[in-house]
Structures are given as C-alpha cells and as structure tokens.
A.B. asks: 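One structure coming up, written as structure tokens, with questions to follow.
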2 protein chains.
Amino acid sequence: MPSATVENYVKEILALSMEKGKAQVGMGEIARGLGVAPGTATSMTKTLEREKLVQYKSHKGVTLTAKGRKLGMGMLRRHRILETFLVETLGLDWTEIHGEAEELEHALSEKVLDRLDKFLGRPEFDPHGDPIPTKDGKIAQSNMRNLLECRRQVASKVTLITDQGVEFLNFARRKGLVPGASVEVISRDLVSDAVELRIGKTKPFTIGSKAARKILVASS
Amino acid sequence: MPSATVENYVKEILALSMEKGKAQVGMGEIARGLGVAPGTATSMTKTLEREKLVQYKSHKGVTLTAKGRKLGMGMLRRHRILETFLVETLGLDWTEIHGEAEELEHALSEKVLDRLDKFLGRPEFDPHGDPIPTKDGKIAQSNMRNLLECRRQVASKVTLITDQGVEFLNFARRKGLVPGASVEVISRDLVSDAVELRIGKTKPFTIGSKAARKILVASS
DNA sequence: CCAATGATTTTGAATAGTCAAAATTATTTC
DNA sequence: GAAATAATTTTGACTATTCAAAATCATTGG
Ligand SMILES: [Mn+2]
Ligand SMILES: [Mn+2]
Ligand SMILES: [Mn+2]
Ligand SMILES: [Mn+2]
C-alpha cells in the first residue's frame, strides 16, 4: 500500500497537471504545493518512479503513469467525498473541511469510502464545486469560465470556487458567491481592474480581477 | 501532536492495564498486543517516557501518567465512536469494523469526533458492548459477569463480547449472543466443561467454558 | 554566443520506527 | 542457593522522509 506521503505527492502532481492542462510537472511546483524543500521533491520523485507511479525526466519534470493517475484520481475522490460528508452530514463549515479531509483521506478503506458515497447519495460535486471522480477514475469534464471570461449581461450559475483558503471562502460566502448561485457580470473595466456583479436580484457590487478569476461559472 | 504509533502504544497500555486490573504493564505484553518485537516495545517506551506519557521501571514495566491515561481514554473514545458510526450509519458488519477504526482513529480531529458523537446521539456503548469514555475521560464502571460466574436459572442481558476477533464474533452472532439479548444459564458442568444456555425462549444449546468466559452479562 | 538568473539536483545529516540476535537480568524449580 | 528458564534490554542495522546548503544545469536577454 502507498504511504500517506506517496498519496499526497501523487494527488498534488495530478492536481497541478490538471490545472496547468499539461501532463509534465516540475519539482519546484510540487515542492511549493506541498510545502517541502525542492530537494525533498526530487528525492521523493525517485520513490514514486520506483513504484512506477510517475515517469521522470531529469531537469524537466514528472508525468503520472496510468497507475499514478489512477491512484491520484482515487485520492481526489476520497478527498471530495469526505469533504461532502463533513459538510452535508456533520455540518462543518466549508472553510474548515479541507484540512480534515487531508488527513482522513489516507485512513479510509475502499469499502468505507463506498458506503460513505452511497450514504451521501453518490454526490457529483464537493462543497466547493469540484467534481468527484467516479470509482473508475473518470472526472466529468465540465465547461467552466471564470468571471473575467464569461459573457456579460447574462445570468450564469456559480459552479466552482478555485481558491479554497479560509480567507477567500469566507469572502465568497459573504458575497453570495457559492456554487449554485445565479450571478451576472454587469460590467468589466480593465483600467480600474474592476468587475461589477449581481447575485440574483440583489444589489450589485464590485470585486477585483484577481478575485473574479477565482470564481468559475457554467458556460453552456 | 502524538504520532499514530504513540497513540497506539498508549491505547494498548491502557487497555492491558484495565483488563489486568493492574496499572503496571510489561514489555512482553505490549509487544504481543501490538505485534512488534520485544525490543521495539522497550525502545518505544523511552519515547513515551520522554513525552511524559508513562512512568517506566526497568525490568518491571510501564505505568501511564495522568497525561497518558487521558490520551489513552481519548483514543478509546475515538475508536468506539468510530466503530459505532461504521455499524449504525454505514451498515458495516461488526466483524470488520475494528481494523477500520484502528486507522481512522488517528486521523480524526477533536471537532469532527464531537460532531460524529452528536450525530450518533452520544452513544454510551460501541457495537461490541464496550463503554464509550466521556469527553473528560471517564468510563462508566459497570457490573458485569461472564457466563461462568453469573447466576443460573435467571435471565440476564448480554452486555459485552470481549473476544472481538472475526471468528468469535461470527460465532456469537450465530448463537444470538449479542449485546442486548436475554440469556439464561441453565446449567454448568465442570467435568464436561459445558455451559448450557437459552436465548430468550429459544431452544437451549451448549458452549464450552472458554467461550462462556468471553460473553459478559449485566449483574444487577 | 554567453553571462546572469533561476530551477534543479546532490550531498550529508537528522528523526522516527522497526527488526534480529546477542547480552543481561529476573524468576522459578529443584 | 544454584541452575534452568523466561523476560527484558542492548546493539547494530535498515527504511522512509525530511532539511539546508552546495553544486550543477537550463534558459534567456543582450
Ligand atoms: Mn492528505
Ligand atoms: Mn474541495
Ligand atoms: Mn490505531
Ligand atoms: Mn469495540
């Protein structure tokens, strides 16, 4: 069985390669993502290679093998099902579930995971809007745009908050920018770096472009 | 924070000292209980002492400190609440929950534990009948006798199955010897090593003394 | 093409936990 | 009170994971 450390590395590599849209991931990115020294990532990479979870090109980066991708998808599945459980069943706040799931994901057997999934009614998205991979490692590829790219003057549904830090999640909730909410981009101004929004029929408000990029909406 | 290993040792020491009714526990018992080499227990004991979780007398054994007892009780609480959740909520079988809880107990924050406890309705006993310690580490001291010691010709309630291996639990369930069941010892015979029982009003059957000792009933 | 800059890798060291086998200490039996 | 037996401790070794700092490699802007 892979150790918790191995599982974390593989999950991180998968997450990074997905958000970059590129399979190969560098040592520095991994190290930053996991909060370890660069040399640690290089050294751990050797272990992952020995386990045939990645393919490694020195000074270029790592790419997950089929086995690695499968493990990584499994970890995303665990993590997201757990987060859903923590919010839906136990009523934790969506700002505090990530850390909890980060630990629990390594202690859950396949069997318990499955029962949990069934108990929750086979959810498709976690509380942040991230899609939950199926048991065979497939992830629904959805069409999403962030608030800088989506159409203006048209209501869209918020689908995902990509920055899942406590700060940003609290901000997002305060503004009503939660998965499922209806949002309309009224205007965008590049010079003032401002994006004017309205949630449902409430009073419009303005956020910066950096924040706007972190909120994704469905783009039909 | 104590490592999972430290938590397992402390829990084992507490469990052993409780079942012996004696605070001091030897290296050999710990090693046997955790399935490690004797030298490993000795070495780990030094770590526990450094953390002020035990007091150690060379060649005599270890005794939990107040801090150690608190941690140990906390672990029993975690373990038993988790077992209860796995059976009550997820519907796992009582033969397969021990191993699952053994892993999960180290990954659960105090907060999630509390929510789980609340969600389950603050259960007092786990699926095997073991009492769940309260948050402040107190355990209800109940009066229990095994089927060799209890009164004959009188119905009692099964309260605890002490052998929690898969084999024995399956046997116990097949016979109806589960917590809550009403059982009457009809007769005991030392020579034939036999204990004749009846569950409720069903047909009597006979088990051996070794098995009889593993089933505890309430003794008013 | 090449020096500066940034990224990556290597080196040497540390910690936690574990084992097997040898050495030592306790206990029991005659 | 020994000798035999059992329990415990020590020794030396190994694996996994991590770090800091030094060495090396790669890219890029002139
Ligand atoms: Mn994790
Ligand atoms: Mn999430
Ligand atoms: Mn455990
Ligand atoms: Mn139990």
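Below, each value reflects all heavy atoms present in this structure, side chains not excepted, and no hydrogens, waters or symmetry copies. So that the names make sense, note that chain A is the first sequence line, chain B the second, and so on, each numbered from 1.
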A.B. asks: Name all residues meeting the ring-ring contact (aromatic ring centres under 6.0 Å, His included) criterion together with F125(B); count only those two or more places apart in sequence or in a different chain, and write none if there are none.
C.D. replies: none
A.B. asks: Mind listing the residues from residues 14-22 of chain B sitting with a heavy atom below 4.0 Å of DNA chain C? Number order is fine.
C.D. replies: none
A.B. asks: Enumerate, atom names and distances included, each donor-acceptor pair closer than 3.5 Å involving a side-chain atom of residues 24-43 of chain B, sequence neighbours excluded.
C.D. replies:
{"from": "E29(B)", "atom 1": "OE1", "to": "K20(B)", "atom 2": "NZ", "distance (Å)": "3.2"}
{"from": "E29(B)", "atom 1": "OE1", "to": "G26(B)", "atom 2": "N", "distance (Å)": "2.7"}
{"from": "E29(B)", "atom 1": "OE2", "to": "K20(B)", "atom 2": "NZ", "distance (Å)": "3.4"}
{"from": "T42(B)", "atom 1": "OG1", "to": "P38(B)", "atom 2": "O", "distance (Å)": "3.4"}

A.B. asks: Is it the case that the side chains of T5(B) and N8(B) hold a donor-acceptor pair, with the cut-off being a distance below 3.5 Å and no angle test?
C.D. replies: no
A.B. asks: Can you list every salt bridge (Lys or Arg N to Asp or Glu O under 4.0 Å) pair that touches residues 58-83 of chain B, not counting sequence neighbours?
C.D. replies: R77(B)-D114(B), R77(B)-D117(B), R78(B)-E110(B), R80(B)-D130(B)
A.B. asks: Could you tell me which residues satisfy salt bridge (Lys or Arg N to Asp or Glu O under 4.0 Å) with E96(A), sequence neighbours excluded, listed by chain and number?
C.D. replies: K111(B)
A.B. asks: Mind checking what makes salt bridge (Lys or Arg N to Asp or Glu O under 4.0 Å) contact with K11(B), not counting sequence neighbours?
C.D. replies: E102(B), E105(B)
A.B. asks: Excluding sequence neighbours, so at least two apart, what forms salt bridge (Lys or Arg N to Asp or Glu O under 4.0 Å) with R173(A)?
C.D. replies: D93(A)
A.B. asks: Go through the structure and list residues passing side chain to side chain donor-acceptor pair (under 3.5 Å) with E12(B), not counting sequence neighbours.
C.D. replies: none
A.B. asks: Determine, for nucleotides 4-26 of chain D in 5'-to-3' order, which nucleotides have protein heavy atoms under 4.0 Å from the base (write B), from only the sugar-phosphate (write S), or from neither (write -).
C.D. replies: ----SBB------SBB-----SS
A.B. asks: Using C1' atoms of five pairs at each end, report the bend of the helix from dC1(C)-dG30(D) to dC30(C)-dG1(D) rounded to 10 degrees.
C.D. replies: 0°
A.B. asks: Under the salt bridge (Lys or Arg N to Asp or Glu O under 4.0 Å) test, which residues partner D193(A), sequence neighbours left out?
C.D. replies: none
A.B. asks: Sequence neighbours left out, what passes ring-ring contact (aromatic ring centres under 6.0 Å, His included) with F119(A)? Give chain and number order.
C.D. replies: none
A.B. asks: Rounded to whole angstroms, how far apart are CD on Q24(B) and C1' on dA26(C)?
C.D. replies: 14 Å
